Amino acid sequence: MKITLSSEEMLAQWKLRRGFEPLRSDCVITRSDGVDIDQLLRLEMRDWYLNLLSTGPIEMLATTNIANDIAVVVGEDNVGIVTLPESCRRIVEFQLEGWHRPAKIITNPHCQEALLQDNPYSRGGCEQPVVVLDGNRLFLYSLPSSTPKIVRTIAVMEPTDGSYVLDERGLSTIHNS
């Protein structure tokens, strides 16, 4: 089940799962120095969450169809370019109208398969479409028409309001180290 936690709710979960809660209430200690443990834990949990969004199993994450939020610009050699929103952490599926299936998404623009897409004769074509992610841009090869239309773009998005959106099972990846 997908859940949305505020920063405070996530901090409470983080403390509980990392062994910082429940607090012992049978003793009293007073200190006038020390670190802001909540701030350190917030940084830790933010790093964990961003890593989960970028590399975690898709079934533990919330995905969104952002097809209506992006557009294809046709460049030279009939290559389409899509600039992704800044909050996009990962593309899971991409398909244009006229492609027979969703494209294979290549995340290393310097690998052999990505370099093969530069040549019109070795491109995947509409039968085996390929898109190459380079930074925040997707390069679309084998455009089916001069005015390509995006059918689906399933993405993992970072919430812009600072909340934490994930499947409840994702909380099991928080480890007490």
Side-chain angles (χ1 to χ4, degrees), residues 2-5 7 10 42-167 169-175 177:
K2 303 289 189 230
I3 59 173
T4 301
L5 300 173
S7 182
M10 186 63 193
R42 282 181 204 284
L43 291 171
E44 233 178 62
M45 79 184 187
R46 189 76 184 149
D47 290 344
W48 164 84
Y49 183 61
L50 293 178
N51 184 58
L52 182 69
L53 292 179
S54 297
T55 63
I58 296 301
E59 60 273 4
M60 290 187 180
L61 306 171
T63 57
T64 307
N65 187 355
I66 61 169
N68 294 330
D69 302 330
I70 56 177
V72 179
V73 175
V74 179
E76 60 184 62
D77 202 21
N78 205 32
V79 174
I81 302 169
V82 173
T83 301
L84 299 170
E86 292 223 5
S87 59
C88 181
R89 299 297 296 184
R90 182 158 107 190
I91 295 293
V92 178
E93 182 180 323
F94 187 90
Q95 185 169 2
L96 290 178
E97 188 174 85
W99 282 354
H100 297 236
R101 63 181 48 98
K104 178 176 184 178
I105 300 166
I106 299 176
T107 57
N108 178 0
H110 306 292
C111 75
Q112 182 65 30
E113 191 171 9
L115 296 174
L116 284 171
Q117 304 310 308
D118 285 334
N119 185 326
Y121 298 106
S122 61
R123 288 182 182 161
C126 291
E127 193 61 44
Q128 298 288 332
V130 174
V131 299
V132 177
L133 180 65
D134 190 0
N136 72 332
R137 296 187 307 170
L138 273 179
F139 291 89
L140 319 175
Y141 297 93
S142 308
L143 296 179
S145 70
S146 60
T147 56
K149 181 177 186 266
I150 301 171
V151 174
R152 281 173 62 92
T153 305
I154 305 300
V156 175
M157 304 295 285
E158 179 182 342
T160 55
D161 62 358
S163 64
Y164 294 78
V165 182
L166 66 155
D167 190 277
R169 294 175 300 155
L171 295 173
S172 69
T173 64
I174 300 171
H175 301 292
S177 50

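On a predicted model such as this, the values are computed, not experimentally measured, just so you know. All residue numbers in this chain count up from 1 along the given sequence.
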With sequence neighbours left out, write down each residue that passes side-chain contact (heavy atoms from CB on, under 4.5 Å) with Asn51, or none if nothing qualifies. Thr55
The criterion is side-chain hydrogen bond (donor to acceptor under 3.5 Å, both in side chains); which residues satisfy it with Thr173, sequence neighbours excluded? Trp48
Is any side-chain heavy atom of Pro148 less than 4.5 Å from a side-chain heavy atom of Leu140? no
Could you report the tightest heavy-atom contact between Arg42 and Ser7, atom names first, then the distance? NH1-OG, 3.0 Å
Can you give me the closest heavy-atom contact between Ile150 and Ala67, atom names plus distance? CG2-CB, 3.7 Å
Starting from the C-alpha separation in whole Å, work towards a yes-or-no answer on side-chain contact (heavy atoms from CB on, under 4.5 Å) for Leu166 and Leu171. CA-CA 8 Å; Leu166 66 155; Leu171 295 173; 4.2 Å; yes
Ile66 backbone acceptor or donor facing Thr64 side chain under 3.5 Å: no
Which is it for Met10 and Ile174 under the side-chain contact (heavy atoms from CB on, under 4.5 Å) test, yes or no, and what are the steps along the way? CA-CA 11 Å; Met10 186 63 193; Ile174 300 171; 3.8 Å; yes
Mind checking side-chain contact (heavy atoms from CB on, under 4.5 Å) for Asp47 and listing every partner two or more places apart, or none if nothing turns up? none
Gap between atom CZ of Phe94 and atom CD1 of Ile70 - 0.5 Å precision: 5.5 Å
Taking the side chain as everything from C-beta on, heavy atoms only, tell me whether Val131 gets closer than 4.5 Å to Ile106. no
Do you know which two heavy atoms are closest between Leu96 and Pro144, and how far apart they sit? CD1-CD, 3.9 Å
Kindly write out the residues that satisfy ring-ring contact (aromatic ring centres under 6.0 Å, His included) with Trp99, not counting sequence neighbours, or none if the list is empty. none
Who are the salt bridge (Lys or Arg N to Asp or Glu O under 4.0 Å) partners of Lys104, not counting sequence neighbours? Glu113
Got a sec, which pairs hit side-chain hydrogen bond (donor to acceptor under 3.5 Å, both in side chains) with one end in residues 84-95, sequence neighbours left out? Ser54-Arg89, Glu93-Arg152
Results of side-chain hydrogen bond (donor to acceptor under 3.5 Å, both in side chains) for Glu97 - residues two or more places apart only: none
Taken to the nearest 0.5 Å, the spacing of Met157 CE from Leu84 CG works out to 8.0 Å
Applying side-chain hydrogen bond (donor to acceptor under 3.5 Å, both in side chains), can you list everything that pairs with Ser146, at least two apart in sequence or on another chain? none
The reported gap from CG in Asp134 to OG1 in Thr107 (rounded to nearest 0.5 angstrom) is 10.5 Å
If you round to the nearest 0.5 Å, how far is CZ of Phe139 from CG of Leu133? 9.5 Å
Take Val132 and Leu138 through the test side-chain contact (heavy atoms from CB on, under 4.5 Å) and record every step on the way to the result. CA-CA 6 Å; Val132 177; Leu138 273 179; over 6 Å; no
Would you mind reporting whether Leu52 and Leu61 have side-chain heavy atoms less than 4.5 Å apart? yes
Check side-chain hydrogen bond (donor to acceptor under 3.5 Å, both in side chains) between Asp161 and all other residues, then give those that pass, not counting sequence neighbours. Ser163
Any Glu158 side-chain heavy atom under 4.5 Å of Leu53 side chain: yes
Side-chain heavy-atom pair Val79, Leu143 within 4.5 angstrom cut-off: no
Locate the shortest heavy-atom distance separating Ala155 from Cys88; write the atom from each residue and the value. CB-SG, 3.9 Å
Any sub-3.5 Å donor-acceptor pair from Arg123's side-chain atoms to Ser142's backbone N or O? no
Can you list the steps and then say if Ile91 with Ile154 is a side-chain contact (heavy atoms from CB on, under 4.5 Å)? CA-CA 6 Å; Ile91 295 293; Ile154 305 300; over 6 Å; no
Who pairs with Arg169 by side-chain contact (heavy atoms from CB on, under 4.5 Å), at least two apart in sequence or on another chain? Glu59, Met60, Asp167
Name all residues meeting the ring-ring contact (aromatic ring centres under 6.0 Å, His included) criterion together with Tyr49; count only those two or more places apart in sequence or in a different chain, and write none if there are none. Tyr164
For Asn108, check side-chain contact (heavy atoms from CB on, under 4.5 Å) against everything at least two apart and list the hits. His110, Cys111
